[in-house]
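Heads up, the thing below is written out as C-alpha cells.
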Amino acid sequence: MRVSKFDRPYESGRPERHQLRVENISLSFGGVRALTDVSLTCEPGEILAIIGPNGAGKTSMLNCICGLYHPQKGRIMYGNHNLARTSSHHLPKMGIARTFQNIELFRHMTVLNNLMLGRHVHMKKNILTALLYWGWAEREEIENRRFVEHVIDLLEIQHIRKQMVGSLAYGLQKRVELGRALAMNPGLILLDEPMAGMNVEEKEDMARFILDINEEWGITTILIEHDMGVVMDISDRVAVLEFGRLIGIGTPDEVRENPDVIRAYLGQDHGGRS
Amino acid sequence: MAEPLLALNNIEVIYNRVILVLKGLSLVVEPNQIVALLGANGAGKTTTLKAISGLLKPENGAVTDGNIQFEGKPIHQLDAAAIVRRGIFQVMEGRRVFEHLTVEENLRAGAYTQNNPLETRRLIQLVYDYFPRLKERRHQQAGYMSGGEQQMLAIGRSLMASPKLILLDEPSLGLAPLLVQEIFSIIQRINQEQGTTILLVEQNANIALKVAHYAYIMESGRVVLDGKPDDLVNNADVREFYLGLTEVGSRKSYRDVKHYKRRKRWLS
Amino acid sequence: MMATTQCGVFHESYRSDMQLRPTTWQRLRVVVVFAFIIILPFVASAQNLRIANTVVIAAIGAIGLNILVGYTGQISLGQGAFLAVGAYSTGLLMHYYELPWPIALVLGALITAMFGAVFGIPSLRLKGLYLAVATLAAQQIVGWFVRNWDPIDGTKADGAARELSMPRALFFGDKLNDSEFAFYVVGMIALVIVAVVATNLFRTHIGRAFVAIRDQDIAAEVMGVNVFQYKLVAFATSSFFVGLAGGLTAVHSTNISFERFTIDVSIEYLAMIIIGGLGSISGSIYGAAFVKLLPEILRDVGLWIADQGWLASGQLDQYLPFAEDAAFGLAIILTLIFEPEGIVKLWSDLKAYFRLWPFSY
Amino acid sequence: MTIDTLPKQLRENAQRFGNKIALREKEYGIWQSISWAQYLERVQHFALGLHSLGFKRGDIVGIIGDNRPEWVITELSAQSLGGASIGIYQDSTTEEVAYIISKCDMRFLVVEDQEQVDKILDLWDEIKGVEKVIYYDPKGLREYQHDFLMAFPEVEALGAAFQQQNPSFYDQSVDQGKGADIAILSTTSGTTSRPKLAKITHNNLIGMGVGLTSVDAFGADDQFLSFLPLAWIGEQMISVACGMRVGFALSFPEETGTVQSDLREIGPRIIFAPPRIWENMLSQVQVKIEDTSWLKRRVFDWSMRHGYRLADKRFAKQELTTQDRWLQRFLHWICFASILDQLGLRYMKWAYTGGAALGPDVFRFFHGMGVNLKQGYGQTETTGICVVHADGDIKFQTVGKAMPGAEIKIDPSGEILAKGTMCFAGYYQNEEATAESMTADGWVRTGDAGYFDDDGHLIVIDRAKDVMTLHDGTKFSPQFIENKLKFSQYIREAVVFGGGDLPYVTAFINIDFGNVGKWAENHQLAYTTYTDLAQKPEVYALVLQDVERTNADLPNAAKIQRFLLLHKELDADDAELTRTRKVRRGYIAKNYQEILDGLYSDKNSIDIQSVITYQDGRTATLNVTLRIESLRK
Amino acid sequence: MFKRFLIITVTLLIVFAGATPRTSHEATLAQDMEPITVGAIFDLTGPTSDVSQFYAQGMLGYVDWLNANGGIEGHPIEMISQDYAYSVETAENLYVEFVNAGSVVFQGWGTGDTEALRGRIAEDEIPFMSASYSATLGDPAEAPYNFLVGTSYSDQAIILMQAMLDEWLDQGYAAEEMKVAFFHNDSPFGTSPLDDAEAWAAEHGIATVRVPMPRGATGFDAEITTNVVEAEATHIIIQNVSSPAALLVRNLGDLGLLDFVQVGCLNWCADELLINGAGDYAEGIMGAIPFAPTSVEREGQADAIAWLDETDGPSLAESTLHYTQGWVTMAVMAEGMRLTLANGEELTGPNIKANLETLAEFDTGGVTAPITFTAEDHRGNRALHVYRVEDGVWVEASDLIDLREMEMDME
C-alpha cells in the first residue's frame, strides 16, 4: 500500500476534540502557592498561548491539565472528564498530549522508537503476541509505523529517523518531542516552551509545524512561550499569568495593549522579536 | 595588534571516538571584548565552549586536533580545574546552581580558588552590586528561585573566581523578555566596568549582536561568517536566518514562513 | 553519520525495514552462529559440553535479568531467589505431580513469573538502591523457605538434608542430568527461543514501554504507559525467563540445594549483564559466556604455564586460585572504566571499525 | 505495431512486465514502488486529466521539481497526448523560468511544491498563457486559494472519470503518435547565452536508447537511481530513454540531501553523471583518507598503488595474469569493496561520465578502484550521447567510438560533426539557430574541436571557439589546462584565460574547501571562512606548487603566468556556472572584467566589488581584496 | 580504540600469568607402574577455605608421602585437584572433567557438592569420600558410593551430648534441667545432625532449641539474648565452621555467659582455629572431634610429622588437625584401592567399593576410632573422644565413646 503525500492519516482514530475548561483551580506545594484561582477556557481548534514571567506558574498549569499535578481546588473539564482528578496515563486515551520544557525524551531509543511510543495507546497490549512477534503484532507495528512516518515527514526529521535521540542536537530533540506527542494523534496538545534555545531559523520551522498541526491536522494547541514575536504571530488568544494568577487573556492585540501585561512581562520594547 | 586573550586554532572535536562535532574551527577573542558565537542548534557552539573550559571529557569528547591558546599558552591539554585556575570560567547552559545551597553559599562555593576572606567578601559585595535581586534573596535556597534569578546567580558565581574570561552559554534560555534585557545590560556593565572578557553563546542573535564587539557564526562545526556586529547585521543571510528580517528590513511574521528555504551563501 | 546498512540493501515495505537482520552480513553471521551451535556438541568433550550447558543456562537467566535491569531499569538483587523458585517449583511439580519435565519447566517459569510480579510491587514506590534492597528481601525469604519448607525434604527417602532430589528427566531416552548432549539440545533450543522472543519483545510497543520507563518514567506516563502495570509486567516477564533458567538448572541436576541460589549468584548474574552490556539481549549472552568461561580459560592458561615449567610446583597453587577472583574483579572494574556499555559495545565498536573501513568516520 | 514512441513502449512494458517494479521513490522511510502496470494506469489517468483540462496535441507542459514519479508520469502523459514536456531546472531563477514558459506558450505547468508555486505566483503577471499549475507536494499550500492551482491527484481523478466515459480514448491517442513527434524539449546548457530549446523526438530518444544499449546491454533487473535533474538531457537519456527500453526500475531519492545514502541503499548498476559528481566523490575519499588512522591509510595507499598498476595494464590492453586477477580480487576485498560500498558504487557495472570533460586523474582513480567508468560524448543536440567507450576498450584520454546508429567526422576546420538517429530536430521556434547548428547535408555541428587517434577513438580538445591562439600562434585549449589544474586535490574549479589579445595565460582558481581546509589544519594554519582561507599567503603558496606542476607539462607560451584564488566558489546562482555546473567562461570574463584586468597588470592585489545573487533574486555587494600570484620571472 | 583493547588484553594476560589453579601430584619417586588417577576438589578461596586448605594440604601430603614410599602396590597416585570455591556448579563441572580424565575414586569436600554429586556418583560407580559427615551419606541404601571416614554429625552431636549429660549429672543436676541450644549454620550442613540429636535428647528428657546462625552475621547478641538468656539454655552445641563459632563464643564471653553455659562444638569448629579466634574465652569449651587434634599425640600422626619435616613444610600444629583429617581420609581411600589390587582385582569403582566394604577395624594410628565399613553401613565409625580446651589446647576429656557399642549394650 502506497503512502501518499495527500493522505490524511490523522483524520481517523483521533478522539473527539472538546472545549477545555479550567475552573477556579488553585495549586500549592507545602504552603507555596503555584496557582491561585485560575480560570480559562480553550476552544477546540484554537492556539492558546500562556505567557508570564519566570515562576508565574505556567508549567504548573500544564502539569495540572495533564494530570501530573492535582490541584487542591477547582476543576479542569475536558468533555465529561475532570482532568484535575485523572491520572496522567489516562490522558492519551482522551487525546491529550504534551511536551516538556526540559525535553523528556527516551534518550536511549531511536527517533523512530520514540515516536512509536507515541502510538502506545493505539496499540493493543498483549505480551504473548509481542513475544512471538507473529502476524498480528507485526501488522499492528506496521500500521502504526505508517502513521509515524507521516509525522516524520511533517516535521522533516527523515534523516535522523534511526538515530539515537540522546545524540541529537537540542533543536532536533525538541522537534522529536513534538513528534512523539503528535504520534498520539491527539485532539489537544500542550507545548511547554517549544522554541526555547532556538535561533530564528529554527523558531520559524517550529512555528510552521505548530501552524501545520493546528490548521491542517486541526489539533487544539496550548503553548507556553517567551518569544513574543512567535506568540503574537501564531496564537489566536494569549493568557498571561503572574504569581500564579491570571492577569489577562485575549487576542494578541488586546494583550499587547494591556498595561498589567506590559508592566509584568513585556517591558517597553514589547512585541519585538526578542 | 596585541596578542589575543584566547585563540582557537583549527580545533577538531570528536565525541565517542566517531562523531565529528567540530572540524577545523578557529576563532580569536581579544581582551576586554564581548565576542558572540551564533549558530543553529547542533552547530557546535556549546561544544566549543566545553573544549575551551576542558569540560568535554566527562561527555566522552576530546579535542583531537588543533590547539587552544590562552594568553599565549596552550590549554587544551589541561583539565577543567587547571583551566579555571588560569582564569577561564564557564557558566553552563540551563543555570546549574547548587540547588540545596543558599545564594550566598553558592557564591562562596564559586570563590573556592580565593584564599583571602577579605577578597571573597569584596567579591560577594560586587556581585550584589550587579545583581541587587540576589542580595534580597541571599539566604534563600537556590533551588526555589525563579529561572532568571538562577541565571543571575550562575553569572554572579562566575565573578567570584575573578576570571579573565567568562564563557557564557545561552544566558537568555527560557527567560522572559524583561529579564533577558536586564541580564544582558548587566553583562555589558560587567564587561565595561570589570574589563572581563566574555565569550557568549546565544540563540537570541538580536540581543547578542547588540552587546558584542565581534561575532562568529557557526554552522555544522565550522565558522561560516565572522565580523563586527555592524557588518553582520547587514548580511543578507544573517538578516534572514538570524534576525528574522525581510528584504526591506521589517520583521517577518511567523505566520508567513515557507516550507522551503533559500540557500544560504554566507558571503561577506 | 554512521551508515547502518550496506550498499544495495533497500526496503520496499515497512515489514522488511523492520526485519531483525536486513543485511547479508548480518544474515551470514546468523548462519555462522547456528553452524557453531550445531557443530559444537559433536566436537566438544563431555566436560566442555557441560561448561557450554552452564553457559546456556546462565545466558537464559541473564537475558531475563537484563529485561528487568538493563531494559526496564529496575535493579534486582533477587536473581538467586527467582532462579530458586524456578528450580524448586519445576522440581516439586515433577516430584509430586509427576509432570513431564517440559510442562513442569513451563509451569515452573510461570510460577516464577507470578512470584516476580509480587516482588515487583515495591517498585511502585521504590527506585534504584531502595528497590535493590527490597529485592534482596526476596532472596532472604526464598532462602529461608527453601531451608525450612517441609515438602522439599519429602522428596527424599530420609529427611536429613534439605535438598530437592530431582526425578529423572528423559529426553529421547537420555537423562538430561546425565547426558550433556541431550541437555545441550534442550538448553540450546530454549536459549534460541528465549533470545528470539526477547528480541521480538523489544520490537513491539510493550518492550518499548519498558525502555521508556527506564529512560523517563514521567514522560512514559504521559504517553499513556501505565508505569506501575508495566513494571509488574517487566518483573513477571523477566522472572519467567529466570524461572526457566532455574528449571533448567533443576533438570540438569540430580539434587538441588539452596547453595546454588545464594546472593552470590545474584551478584554473578549482575556481573554478567554489566560485563555483557545492559539493555542488550546479545550482551546478556556474551556476558554469561564471559563470566562462565573466564575461570575455565584462566585454568587452562595456568595449566599451560605450569606445563612450561615456568612456575615452581607446590607452594604457589595455594594462593594462586585467588588470581581467578582477582581476574573477575578486574574484569568488572575494567568494564566499568573502559567500556561501561559492556562487551556488546566493544563488539559494535569493532563492527563500526570495519564498517567504516578504511575511513574513520 | 512498431514501437516508435515512448508511450507505446510504456504500454508494451506494462504488458510485458506487469507487476514488476517500474518506479520507486524513497518516501516515508521506505522505497515505495509503482509497477509497470500501475505506471501505465497513472499515466493514463493523468494524461486524460490533462486532456479534460484542455491539453491539445503539440502542447508543451513544463515541469519544475525534484525527480519524482510524478515527473516522469507528467512527461509520458504529455507524450501520450501527442504533446511534449520540458523540464525546467528547479533552482532556476524566476527570470529563467519566465523565459522558458513564454517561449513555449505553455498552458500547463506541473510543479513540485510551495517553492515552485511561489515562483510561479511571482511571475504570474508575466506568464499570461498559463492556465493550470498542478502541484504534487501539498505541503504549505493549504492557504493558497488560486483557481489555477490544482493538486496532482485531482487531475488524476479527473482523468479516471474521463476514462470511465471514454475507455478507448487513451489508446487511440497513443496510436496516433509517430516517431518523428517531439517528445521533449531540452534546454541547451547555454554556457554562453540564453538557453535554446532543442526539439528531441521520440525517434531520437529511442534511437539513442538502442545505440547505448547495444554497446552496454542493460537488463530489466539493473538498478538505477535518478538523482540528477530530469531537465538535463543526460538524465533523460538513461532514466527515460534507456530505462523505458529495457524496463529497469527507476528509483528516486527521498530528498536532494539524502542522495548519498539513497545511492548507497539502491546500489545502482548503472550511473551517468557529470564530472562534478565524480570529482566530489574523489574529494570525499581524499578527505576521509587524510583523517583516517595510520593503519587504514597504509592499507588504502598500498591498495591504490596496485590498483593503479592494474588499471594501467588494462588501459594498455595487456593481458592480466592469474596472479593479477587474484590480486585484483584481494584488493577489492581488503579495501575497494568497502569504499565503493560507502559511495554506493559497489554493484556498479556501467558507469559513465559525460556532459563535460573529466580530468584523467579522476578517471584513473575510479579505474584503480575497479569501477568500469566510461567517457561518453555528446550534447543536447545529439540526445546527450553519440560517442562512448566500449567495454575493454577504454582509454582515458579519449571519449571512445561512435555508438551504433551514429556517425562522427571531423570537418576541415577541426570541428566535430555528428549524424544519426539521435540527432535532434532543430531548435524550438528558432530557425536561425537551427540552420547554424547543422550543415547542409544534415550533420550536426557540435561546436567542439577534436580529432581521431590511431585506434579510431575520438579525442575532444575543447569548445571550438574556446580554443585559443596564443601570442606565438600556437593553438591551445583552456579546458585542457583547467582539467590539468583540477588534478590537484586542492583545486576545485579553474577558469583559464589567454590567447587573442591577451599577452599571456592566467587563471582564476577556486580552492577545494575540504581538502585545503584539511591541509591548513595539518599545518597549524588557522582560518575561519572560505574567503579567509582562500586569501592566505600559505594557501597561495600551496596552490602555486600545483600551478607550477601543471606548467611543467605545458609549452612555454601556454604556461600560466599569473593566477588568483577567488574569494567565493563559482555558483550557478551568480550565473557563473550553468545549471549543469559547467563554467560559463564568457560570462565570468565579462563579470570579473576588473579582476581580469588586474591579472594583466602589474598589481599584486586588486580591490573589487563583487555582486552575489541570492536564490530569491536578492543581490548583495561584497568588497574584497584579492591577491594575485605571479609566476613571471 | 585499539589502545584500549590492548590495555585490557595485557592486563588479562598478566592475571592469567599468575594462575595455576589445578595441580597434579605425580610420583616424586620414579616408578614404572601405571599411575592411579584420583580426582579431588578443595575450597581454597570460598567460604570454607579456612579449614579446607589444611585438609587439602593433608590429602596432597599423603599422596606425596605414599608415592615416595612405593605407592599402592607399586602404582603411584596421580591426584588431580582444583579449587572450586564452594560452588556446586563448579564442583559438578570438575567432577565430570576429572572422571573423564580417568579418576576411579573421588575426594569431595563440602555438603553442597557431596549432596549434588550423590546421585551421579552412584550412577557412575565412583567411590566418594568427603569432609561432609551427614548421616545420610553413611547409608548405602541412600548413597551407595559415599563413604564416611569421620564420625557422622549426628553421632558427634549425640556423643557430645552424652558427655555433657554425664558431666551435668555428675554436677548434681537432673537431665530434665538440661537445655541444649543448637547453634547451627543455616544450611543443610548445619541442620544435618539436628533431627537425630533432638530425638536422642527427647529420649533422655533434655530440652532443645534450634538457633540458626545467619551467614555473614557480625554478632549473635540477639540470638543469644532470646535463645540462651531468656530461654535459660544450659548448654550450647555449635554446628558451624570455626570463624562464626569463635565469634559466637566471644559474644558469649563478652556477655559473661560462659560461666553459666557449657559450650560444645562439633568437628568443624572444634579445632585449633577456634582457639585462635576465641582466645581466652575458648577455655573449657568441649569438642566432638573425630580426628585427633595436634595437641594430643597419636601414633598415626608420626608419618605426617616426619613428612612435613622432610619437605620443609610447616609444623603439624600449624597445619591444624584438618591436615591429619585430609591425610587419614586419603589413607583410608588408598587402603581400599590397595586391597583391590592386592586381591588381584581390576581397579574399578565397584571393586574398590566392595573392598572398602571389607575394611574392618582399620587402624588409623589412633587419629580416629578404627574404621569399619560394611555393605549395610558406610559410617566408618561411630566413636570419638570428647576434648576440652585447657590452657589454650585441646586435651582429651573423655574416653572413647562408641555409639555402636552402646547400642549393642542396649540391645
Side-chain angles (χ1 to χ4, degrees), chain A residues 1 3 63 66-68 87-93 96-100 103-109 112-114 116-127 129-134 137-146 149 159-160 162-163 165-167 177 180-181 183-184 190, chain C residues 1-5 11-20 22 67 70-71 73 113 193-230 232-234 236-237 240-241 278-280 341:
Chain A
M1 194 171 81
V3 188
N63 284 344
C66 80
L68 286 177
S87 293
S88 47
H89 69 261
H90 290 300
L91 271 84
K93 276 174 237 150
I96 300 175
R98 76 165 287 179
T99 67
F100 293 85
I103 306 186
E104 310 267 340
L105 285 168
F106 310 117
R107 298 177 60 81
H108 299 91
M109 286 194 212
L112 189 58
N113 276 339
N114 266 277
M116 287 296 276
L117 247 153
R119 299 298 294 163
H120 188 82
V121 285
H122 295 272
M123 297 170 88
K124 302 230 164 56
K125 287 139 202 73
N126 182 337
I127 183 89
T129 53
L131 288 170
L132 299 175
Y133 200 72
W134 267 341
E138 187 182 24
R139 267 202 309 281
E140 189 180 40
E141 287 290 313
I142 290 173
E143 251 166 54
N144 286 285
R145 168 79 186 270
R146 218 171 251 140
E149 285 292 340
H159 57 294
I160 52 165
K162 294 197 175 168
Q163 276 184 34
V165 160
S167 69
E177 211 191 8
R180 189 181 62 184
M184 267 184 218
L190 313 171
Chain C
M1 201 52 217
M2 248 191 279
T4 48
T5 172
H11 305 291
E12 293 179 332
S13 67
Y14 292 122
R15 168 189 278 257
S16 93
D17 187 53
M18 296 192 295
Q19 258 178 353
L20 287 179
I67 289 176
Y71 283 100
I193 292 174
V194 166
V196 169
V197 152
T199 312
N200 278 339
L201 178 67
F202 290 100
R203 296 161 73 194
T204 67
H205 64 291
I206 293 182
R208 276 195 299 270
F210 289 173
V211 184
I213 289 169
R214 177 194 68 190
D215 277 9
Q216 274 298 347
D217 51 357
I218 291 183
E221 185 93 17
V222 173
M223 303 320 295
V225 175
N226 185 338
V227 170
F228 179 54
Q229 185 189 325
Y230 272 82
L232 294 191
V233 173
T237 317
F240 181 88
F241 294 133
L278 287 172
S280 159
E341 290 166 62

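Residue numbers start from 1 in every chain, and the chains themselves are labelled A, B, ... in the order their sequence lines are given, proteins ahead of strands.
Counting only N and O atoms by type, the side chains of A/H120 and C/Y230 include a donor and acceptor under 3.5 Å apart.
Contact of A/R119 with chain C is not made at all, since no heavy-atom distance falls under 4.5 Å. Contact of C/S13 with chain A is not made at all, since no heavy-atom distance falls under 4.5 Å. Contact of A/M184 with chain C is made through the side chain alone, with heavy-atom distances under 4.5 Å. In this structure, chain A has heavy atoms under 4.5 Å from both the backbone and the side chain of C/V225.
When side chains are defined from C-beta on, A/K162 counts as touching C/D17, because their heavy atoms get closer than 4.5 Å. A/E141 has its side chain out of reach of C/R203: every pair of non-hydrogen atoms, C-beta onward, lies at least 4.5 Å apart. Contact annotation: the side chain of A/H89 never approaches that of C/V227 to less than 4.5 Å [non-hydrogen atoms, C-beta and beyond].
Put simply, the side chain of C/H205 gets close to the backbone of A/K124: a donor and an acceptor are under 3.5 Å apart.
C/M223 and A/G118 make their closest contact through CE-CA, 3.5 Å (heavy atoms, listed as atom of the first residue, atom of the second, distance). Scanning both residues, C/Q216 and A/F106, for their nearest heavy atoms gives O-CE2, 3.4 Å.
Of all the listed residues (C/D215, C/T237, C/V233), the one sharing the greatest number of non-hydrogen pairs under 4.5 Å with chain A is C/D215. Taking C/I206, C/I193, C/N226 one by one and counting their heavy-atom pairs under 4.5 Å with chain A, the maximum is reached by C/N226. In terms of heavy-atom pairs under 4.5 Å with chain A, the best-connected choice from C/G279, C/A220, C/G207 is C/A220. Of the listed residues (A/L105, A/V121, A/L117, A/L91), the greatest number of heavy-atom pairs within a distance under 4.5 Å of chain C belongs to A/L117. Ranking A/M109, A/E149, A/H90 against chain C, the residue ahead of the rest is A/M109, based on heavy-atom pairs under 4.5 Å.
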